[in-house]
Asker: 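Just passing along the structure, written as structure tokens.
This one's a predicted model, so the numbers in the text were calculated from it and none came from an experiment. We count ligands from 1, going down the list as the structure has it; atoms in each ligand are counted the same way. Residues: numbered from 1 along the sequence shown.
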Amino acid sequence: MSFKPTSILVTGGAGFIGANFIHSFVGNNPECSVTNLDCLTYAGNLKNLAALEGNSRFRFIKGDIGDAALVAGILADHKIDAVVHFAAESHVDRSITGPEIFVRTNVLGTQILLEESRKHWQSGVVENFRYLQISTDEVYGSLGETGYFTEETPLTTNSPYSASKAGADLLVHAYHETFGMPTLNTRCSNNYGPYHFPEKLIPLLIHNIINKKPLPVYGDGLNVRDWLHVRDHAVAIETVLKNAAPGSVYNIGGNNEWKNIDIVHLVCDELDSRLGRDAGENRNLITFVKDRLGHDRRYAIDATKLKADLGWTPSYTFERGIAETIDWYLDNQEWVAEVTSGAYREYYEKQYGGGVA
Ligand code: NAD
Ligand code: DAU
């Protein structure tokens with residue numbers, strides 16, 4: 001029998017995937033209320049949720065997942081029966097230049113959220129409860145030319161970001177084993193789509209092409225990522241939340257592997273005609289730069305378990321998803337201007353010495 005949440009807490013819902021999840025979940029679940037706890041780091045923006053302003057089933061609370069008293073109060077006050085935990089520091093490059101905040105948010109923050117969730121669940125205030133940890137395929141490390149990550153692949157992490165996410169996953173596993181807490185864990189491949197912060201590859205390419213700025217390609221450009229539209233991820237999360245057995249782990253991915261340089265060419269070429277430029281013109285912006293330290297070579301997700309157990313399948317073809325995403329960025333330049341001001345400029349000036357749009 002499927003679990004029907006009535007009041008969920010989403011952490012990090014002002015970020016890229018959290019915001020897309022909230023839009024999707026609110027639309028699909030008219031009887032459930034949604035509380036979003038987000039401290040609004042550089043990556044969080046309430047504009048991502050503007051369409052929900054005035055919706056009586058949605059509330060936003062500005063705060064930190066590391067604030068135990070705040071979390072305990074939210075869980076009790078709103079009789080939360082499911083926690084969907086997105087909040088994190090999510091950018092690998094930032095974890096190389098400043099790992100400390102990754103441990104603080106992704107490991108310690110998760111532990112506080114888990115502990116307050118455990119107390120709330122054990123208090124019996126709600127009849128049914130689920131805690132869903134949003135993890136990543138990066139906890140499995142790096143693949144060679146062949147093979148896939150399954151849920152049985154050992155965790156092997158190569159960046160401070162992935163190490164912090166794996167630390168959180170192990171805590172989630174421990175809370176299930178030690179306390180019998182009804183936890184769930186999903187590990188998804190690279191997402192793309194609306195509201196993606198333009199420090200990540202695809203939105204950075206779109207932003208820099210529009211502004212005729214260099215397109216930094218790390219190393220030889222032959223690293224492989226497995227791309228999934230963020231709305232397909234959102235539906236997969238809802239499917240796991242409602243139908244998966246407590247204690248289970250599910251991979252999420254759409255069998256859509258691309259070498260970075262091929263993605264760069266694709267986005268360049270899609271934008272040539274949209275921007276009225278000559279065929280091939282945008283490719284002149286490609287600039288090979290120093291490789292990312294500890295750069296994972298290839299990710300590829302085997303999502304057979306999710307498809308077989310719970311019947312999820314992605315609905316977007318990459319062709320449609322990337323075209324719609326590019327159009328979304330062209331139509332939402334005001335959003336881009338807002339999120340790329342201030343701290344974003346400082347970060348990129350430090351990273352690339354002035355290649356900032
Ligand atoms: P993001 O960086 O866009 O958003 C993170 C959000 O968390 C922001 O709104 C930020 O303000 C908030 N946040 C950060 N620290 C917080 C804290 N201490 N308290 C409260 N809120 C805090 O991230 P994203 O790309 O949307 O990723 C969301 C989750 O999905 C992360 O856990 C990430 O590891 C995971 N994930 C991301 C991808 C991807 O391709 N982006 C793929 C798989 C899994
Ligand atoms: O696989 C899931 C992960 O995907 C998530 O857990 C992370 O939160 C998310 O940031 C993402 O990590 P990646 O490191 O794969 O994504 P990013 O967009 O930073 O980089 C994608 C690839 O492109 C990677 O091989 C590095 C390369 N790259 C990236 C940037 C930003 C470049 O060549 N140039 C760039 O400027």
Asker: Ring of Tyr218, cation from Arg292 - is the NZ or CZ under 6.0 Å from the centre and inside 45° of the axis?
Answerer: no

Asker: Verify the distance criterion only: is there a donor paired with an acceptor across the side chains of Arg59 and Thr35 at less than 3.5 Å?
Answerer: yes

Asker: How far is atom 17 (C) of ligand 1 from the closest protein heavy atom, and which atom is that?
Answerer: Cys39 SG, 3.4 Å

Asker: Does any donor atom in the side chain of Asn223 or Arg298 lie under 3.5 Å from an acceptor atom in the other side chain?
Answerer: no

Asker: When you compare the side chains of Asn158 and Glu138, does any donor N or O come within less than 3.5 Å of an acceptor on the partner?
Answerer: no

Asker: What's the spacing between Ile209 CD1 and Asn282 CG if we round to 0.5 Å?
Answerer: 5.0 Å

Asker: If you have a sec, work out which protein heavy atom is nearest atom 43 (C) of ligand 1 and how many Å separate them, to one decimal?
Answerer: Cys188 O, 3.4 Å

Asker: Only heavy atoms of Pro216, strictly under 4.0 Å: list the atoms of ligand 2 that pass.
Answerer: 32 (C), 33 (O), 34 (N), 35 (C), 36 (O)

Asker: Starting from atom 40 (O) of ligand 1, locate the nearest protein heavy atom and write down its residue, its atom name and how far away it is, to 0.1 Å.
Answerer: Asn191 N, 2.9 Å

Asker: What atoms of ligand 1 come closer than 4.0 angstrom to any heavy atom of Gly63?
Answerer: 19 (N), 20 (C)

Asker: Which atoms of ligand 2 have any heavy atom of Leu204 under 4.0 Å away?
Answerer: 36 (O)

Asker: Could you please spell out the steps behind the ring-ring contact (aromatic ring centres under 6.0 Å, His included) verdict for Phe197 and Tyr42?
Answerer: CA-CA 9 Å; Phe197 193 80; Tyr42 76 94; 5.3 Å; yes

Asker: Heavy atoms only: which of Thr136, Ile17, Asp137 is nearest to atom 1 (O) of ligand 2?
Answerer: Asp137

Asker: Tell me the protein heavy atom at minimum distance from atom 8 (C) of ligand 1, and give that distance in Å.
Answerer: Asp38 OD2, 3.6 Å

Asker: Quick check on the 6.0 Å ring-centre criterion: do Tyr299 and Tyr140 meet it?
Answerer: no

Asker: Check ligand 2 against His295 and write out every atom of the ligand that is under 4.0 Å from a heavy-atom position of the residue.
Answerer: 24 (C), 25 (O), 26 (C)

Asker: For the residue pair Arg320 and His229, confirm or rule out a side-chain donor-acceptor distance under 3.5 Å.
Answerer: no

Asker: For the 3.5 Å polar cut-off, considering only N or O atoms, please tell me whether Thr41 and ligand 1 meet it.
Answerer: yes

Asker: Report, in ascending order of atom number, the atoms of ligand 1 lying under 4.0 Å from any heavy atom of Lys165.
Answerer: 31 (C), 32 (O), 33 (C), 34 (O)

Asker: Which atoms from ligand 1 have a heavy atom of Leu40 less than 4.0 Å away?
Answerer: 11 (O)

Asker: Suppose we measure from atom 26 (O) of ligand 1 to each protein heavy atom; which comes out shortest, and what is that distance?
Answerer: Ile17 N, 2.7 Å

Asker: Considering only the protein, which heavy-atom contact is closest to atom 42 (C) of ligand 1, and what is its distance?
Answerer: Ser189 O, 3.4 Å

Asker: Drop me the distance from Ile17's CD1 to Asn191's CG, to the nearest 0.5 angstrom.
Answerer: 3.5 Å

Asker: Just verifying a value: how many Å separate Ile237 CD1 and Lys242 NZ, rounded to the nearest 0.5 Å?
Answerer: 13.0 Å

Asker: Okay, side chain of Thr11, backbone of Phe86: is any donor-acceptor separation there less than 3.5 Å?
Answerer: yes

Asker: List every atom of ligand 2 that sits less than 4.0 Å from any heavy atom of His91, numbering the atoms from 1 in the order shown and giving each element.
Answerer: 19 (O)

Asker: Judging by distance only, is a nitrogen or oxygen of Asn190 under 3.5 angstrom from one on ligand 1?
Answerer: no

Asker: Hey, looking at atom 19 (O) of ligand 2, which of Lys200, Arg298, Arg292 has the closest heavy atom?
Answerer: Arg292

Asker: Who's the nearest protein heavy-atom neighbour of atom 18 (N) of ligand 1, and how far?
Answerer: Asp64 OD1, 3.0 Å

Asker: Begin from the C-alpha positions of Val84 and Gln133 and carry the test side-chain contact (heavy atoms from CB on, under 4.5 Å) through to its verdict.
Answerer: CA-CA 6 Å; Val84 185; Gln133 177 75 14; over 6 Å; no

Asker: Please work out which of Ser95, Gly219, Ser90 has its closest non-hydrogen atom nearest to atom 7 (C) of ligand 2.
Answerer: Ser90

Asker: Heavy atoms only, cut-off 4.0 Å: how does Val92 contact ligand 2, side chain, backbone, both, or neither?
Answerer: side chain

Asker: Quick check on contacts: which atoms of ligand 2 are under 4.0 angstrom from a heavy atom of Tyr299?
Answerer: 1 (O), 15 (O)

Asker: Looking only at heavy atoms, is any part of Arg187 under 4.0 Å from ligand 1, and if so is it the side chain, the backbone, or both, or is it neither?
Answerer: neither

Asker: Looking only at non-hydrogen atoms, which of Thr105, Asp67, Ile252, Ile134 approaches atom 30 (O) of ligand 1 most closely?
Answerer: Ile134

Asker: Around atom 2 (O) of ligand 1, find the nearest protein heavy atom and jot down its residue, atom name and distance.
Answerer: Ser90 OG, 2.7 Å

Asker: For ligand 2, which atoms have a heavy atom of Asn260 less than 4.0 angstrom away?
Answerer: 22 (C), 23 (O), 24 (C), 25 (O), 27 (C)

Asker: Answer yes if the side chains of Trp258 and Asn260 hold a donor-acceptor pair under 3.5 Å, and no otherwise.
Answerer: no

Asker: Please verify whether a non-hydrogen atom of Lys165 lies at under 4.0 Å from ligand 2.
Answerer: no

Asker: Hey, looking at atom 31 (C) of ligand 1, which of Trp227, Phe16, Phe86 has the closest heavy atom?
Answerer: Phe86

Asker: Please determine if Gly66 has a nitrogen or oxygen closer than 3.5 Å to a nitrogen or oxygen of ligand 1.
Answerer: no

Asker: Does the Asp169 side chain pair with the main chain of Asn185, one donor and one acceptor, at a distance under 3.5 Å?
Answerer: no

Asker: Among Asn48, Ile65, Asn36, which one puts a heavy atom closest to atom 19 (N) of ligand 1?
Answerer: Ile65

Asker: If we set the cut-off at 4.0 Å for heavy atoms, which region of Tyr161 has an atom near ligand 1: side chain, backbone, both, or neither?
Answerer: side chain

Asker: Yes or no on side-chain contact (heavy atoms from CB on, under 4.5 Å) for Val230 and Tyr195, after CA distance, side-chain angles and deciding distance?
Answerer: CA-CA 10 Å; Val230 65; Tyr195 306 115; over 6 Å; no

Asker: Quick one: pull up CZ in Phe149 and OG in Ser189 and give me the separation to the nearest 0.5 Å.
Answerer: 10.5 Å

Asker: Which is closest to atom 32 (C) of ligand 2 by heavy-atom distance: Tyr161, Tyr192, Tyr218, Tyr140?
Answerer: Tyr218

Asker: Could you check whether Tyr316 and Arg231, counting side-chain N and O atoms only, form a donor-acceptor pair closer than 3.5 Å?
Answerer: yes

Asker: Below 3.5 angstrom, do we get any N/O pair linking Tyr42 and ligand 1?
Answerer: no

Asker: Using a strict 4.0 Å cut-off to heavy atoms of Val217, name the atoms of ligand 2 that fall inside it.
Answerer: 33 (O)

Asker: List every atom of ligand 1 that sits less than 4.0 Å from any heavy atom of Gly12, numbering the atoms from 1 in the order shown and giving each element.
Answerer: 6 (C), 7 (O), 9 (O), 12 (C)

Asker: Looking at Leu40, is its backbone amide N or carbonyl O close enough to the side chain of Asp38 to form a donor-acceptor pair, meaning the two atoms are under 3.5 Å apart?
Answerer: yes

Asker: Is the number of heavy atoms from other residues, nucleotides or ligands under 6.0 Å of Glu31 CD greater than 12?
Answerer: yes

Asker: Which of the numbered atoms in ligand 2 are under 4.0 angstrom from any heavy atom belonging to Glu199?
Answerer: 31 (C)

Asker: From Asn48 CG over to Asn45 CG, what is the distance, rounded to the nearest 0.5 angstrom?
Answerer: 5.0 Å

Asker: For Gly44, take its heavy atoms, then give the atoms of ligand 1 lying under 4.0 Å from any of them.
Answerer: 8 (C), 9 (O), 11 (O)

